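Structure record follows, encoded as structure tokens.
Throughout, protein chains are lettered first and strands after them, A, B, ... in sequence-line order, and every chain is numbered starting at 1. Note that the coordinates shown come from a computational prediction; the quantities given were computed from them, not determined experimentally.
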2 protein chains.
Amino acid sequence: MSDNRTGTAGGRAATLSDVAKIAGVSLATASKAINGRGEVAAATRQRVLEAAKKISFTPNELARSLINGRTGTVGLLTSDLEGRFVIPILMGAEDAFGAGQVNVFLCDARGDAIREQHHLNALLTRRVDGIIVVGRSTDPRPSLGHNIPVPVVYAYAPSEDPTDVSITPDNRAGGRLAVEHLIACGRSKIAMISGEAVYAAAQDRAAGVMDALGDAGLELMGRPMFSEWSEHWGRDASAMLFRQFPDIDGVVAGSDQIARGVLDTMRDLGREVPHDVAVVSFDNWEILATNSRPELTSIDANLQQLGRMAATRIFDAIDGTAATRGVENLPGRLVIRGSTIARR
Amino acid sequence: MSDNRTGTAGGRAATLSDVAKIAGVSLATASKAINGRGEVAAATRQRVLEAAKKISFTPNELARSLINGRTGTVGLLTSDLEGRFVIPILMGAEDAFGAGQVNVFLCDARGDAIREQHHLNALLTRRVDGIIVVGRSTDPRPSLGHNIPVPVVYAYAPSEDPTDVSITPDNRAGGRLAVEHLIACGRSKIAMISGEAVYAAAQDRAAGVMDALGDAGLELMGRPMFSEWSEHWGRDASAMLFRQFPDIDGVVAGSDQIARGVLDTMRDLGREVPHDVAVVSFDNWEILATNSRPELTSIDANLQQLGRMAATRIFDAIDGTAATRGVENLPGRLVIRGSTIARR
DNA sequence: TAGCCTGCCGAAAGGGGTTTCGAAGCTTTC
DNA sequence: GAAAGCTTCGAAACCCCTTTCGGCAGGCTA
């Protein structure tokens, strides 16, 4: 009950009228002095600023938002339980918005549509200026619909609705990148081990791999192998693969986890990486990629840039700039490590 | 410029006075009807609710907050770049607050004190009801100070100031837990490989290990080994250790990463896990713990519960309930997998 | 000296909602 | 039929700040 929460000036937070009273000016003048707007004499402004500092006045952003119709907040609606995609995206968005200018509400829907709707409503009553929806895979997800009074951008997982604004990694280009790198490393007998076939990411990456092989006049060793995004599968699949095609000299793994399984099996089989077999994978998840031996060459999805772009799209929409509707594919970048090129 | 952002009712969002006008009542009555407060005739209430639904009215939370002094928002100020700690904590906090009741501003300070101060100010002008500070290690961190008008709780990394409210994992108890489990598995020649010695987590876990060994009348094989939180170190350290003490039958690893390195070396040395050597580690980072062979027995820090507790503390402070100041240690829980007990 | 700018300042009207308190209108009760 | 008691509603103040616009000095010109 005792109001001892407030550290400095006992009681509630300082308000503009407090400042005005101390400075001996009107509310209006105080406001103008602090915001540097309107015609205020230098001396008066000085007096107001001193008063404000004295009682450590902080303008109430709520009241401000109420007036100018913008809150300077954005909602990040995610179903990415691990935080693996959402954190880089959040950081990118913060960067683009400018630190401190915009704050982000992070809401985890946990893959539950009802909870998502709940959070969406909460965000809207909070009058966020925009919403970024982050999925946990690159498969298209249902649209939130168009009767939302603020701009919405879908990141990572695109919206099923082509009239929404979506930004997603270009996995097909990534697949090309992987194969082109292997070829540049002198490999020609290339296999692919990927994750669950129902994932768009698995299909797109495989398609990119096939594209690049075709362009180079090469053929994949066997077929792309799909099962699950795990080390176990990486181990098992590579064992099977090498039994059938012992002369494979390059492997594209659908994820860093799968690649680690491949490395394991290579060791068991006595094949040296990268000398005998080069391995390139996807995601560039540092914890996995830089702790293996050798470290993994991996294709980074540029998630932070994805976040920046999403934020930019939100801005454009707020400012009324014509948004580029549809799905935009963001190319990844190859991060070369020891699994394709011997180091030291 | 064209105001086509708003999906439904063209123009701006519906306001309470719109509702009142349609229902043919005053603003005050409309408010009372919608919030179920005050004396409103059933028929009138019905009329208001229908009007509200008709124009899909959503109360402006900003205006509400302005009045009752509470925003229903909380700031999560973190330096956890990976999002490994912060995401479970966020989820726990959301749970405790009740989904949709409270929204969380997530701010990443990126380990930069200036950026942190920046974000802190932003949160305060946004009038958050409380702040949770999440560190990236369990080492005490500088306090934000006491001249903050809202309650602050430090999670994961405690505050250096004992008069702050902090909640941190009980790593010492975790160390005990690890050793007690190994002993229960019939092991007696136990070694410890941990991360950087400057980390409180490394020291605390080692202390717990020594405690438990002492209680059981056992001695550690060699000394606790400190270097870095990596698989590399786990590999190297265990190789050294087993050269010196070939009869080690249990290893406590300071992290799942280190444990994975240990498993690697065990395989190289032809030691079977868990038959010859049992391994228990810390963090229970699923991606690492469940993808190794065998899977890792690991001590989970209960981060989600940590988040829930932090949220509860915030609530208590808001409600004026006497907060339990000081550092509270939250025990972890043992998650048993194949690295200590053979499965199937 | 009168008239006219010009430069500062403040009263007031919001923005969207909540809450108090008084005023109706209606039904009882004597 | 009048007084009293309910219920129901609305006017107005308030939360904190921004912004418009009118007013008041003071300095300048004629």
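Rounded to a whole Å, the CD atom of E39(B) is 16 Å from the C1' atom of dA24(C). Distance CG (L16(A)) to P (dT19(D)): 12 Å, rounded to an integer number of Å. Atom CG of L66(A) is separated from atom P of dC14(D) by 18 Å (rounded to the nearest Å). Between the C1' atom of dC8(C) and the CD atom of Q46(A) lies a distance of 17 Å, rounded to the nearest Å. Rounding to whole angstrom units, CD1 of residue I67(A) and P of dC17(D) are separated by 9 Å. Between the C1' atom of dG14(C) and the CG atom of L27(A) lies a distance of 13 Å, rounded to the nearest Å. Rounded to whole angstrom, the span from the CZ atom of R45(A) across to the P atom of dG10(C) amounts to 14 Å. Residue N68(B) contributes atom CG, which lies 10 Å from atom C1' of dG17(C) at whole-angstrom precision.
Contact annotation: R64(B) side-chain N/O to dG16(C) OP1/OP2 distance is not under 4.0 Å. Phosphate proximity of dT18(C) to N35(B): present, with a side-chain N or O under 4.0 Å from OP1 or OP2. Under 4.0 angstrom from either OP1 or OP2 of dT18(C) there lies no side-chain N or O belonging to R37(B). Contact annotation: S26(B) side-chain N/O to dG10(D) OP1/OP2 distance is under 4.0 Å. Look at T15(B) and you'll find a side-chain N or O under 4.0 angstrom from OP1 or OP2 of dG17(C). Residue S31(B) has a polar side-chain atom (N or O) positioned under 4.0 Å from OP1 or OP2 of dT18(C).
Take the nearest nucleotide of DNA chain C for K32(B) and for A63(B): the residue whose nucleotide is more 5' is A63(B).
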Please determine whether salt bridge (charged side-chain N to carboxylate O under 4.0 Å, His left out) holds for the pair R110(B) and D95(A), giving the CA-CA distance in whole Å, both sets of side-chain angles, and the decisive distance to 0.1 Å. CA-CA 12 Å; R110(B) 304 184 198 182; D95(A) 280 352; 3.0 Å; yes
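Salt-bridge formation is not detected for the pair E94(A)/R115(B): no Lys NZ or Arg NE/NH1/NH2 atom is positioned less than 4.0 Å from an Asp or Glu carboxylate oxygen.
Using cut-offs of 30° and 60° for the angle between ring planes, the F315(B) and F97(B) rings count as perpendicular.
Counting non-hydrogen atoms under 4.0 angstrom, T125(A) reaches nothing in the nucleic acid. Contact annotation for A28(B): base contact, defined as any heavy-atom pair under 4.0 Å involving a base atom. Backbone-only engagement by T44(B) is indicated by non-hydrogen atom pairs under 4.0 Å involving sugar-phosphate atoms exclusively.
Contact between R45(A) and G36(A) at its shortest, heavy atoms only, is NH2-CA, 3.9 Å.
With hydrogens and angles left out, the side-chain atoms of S137(B) and D139(B) include a donor and acceptor closer than 3.5 Å.
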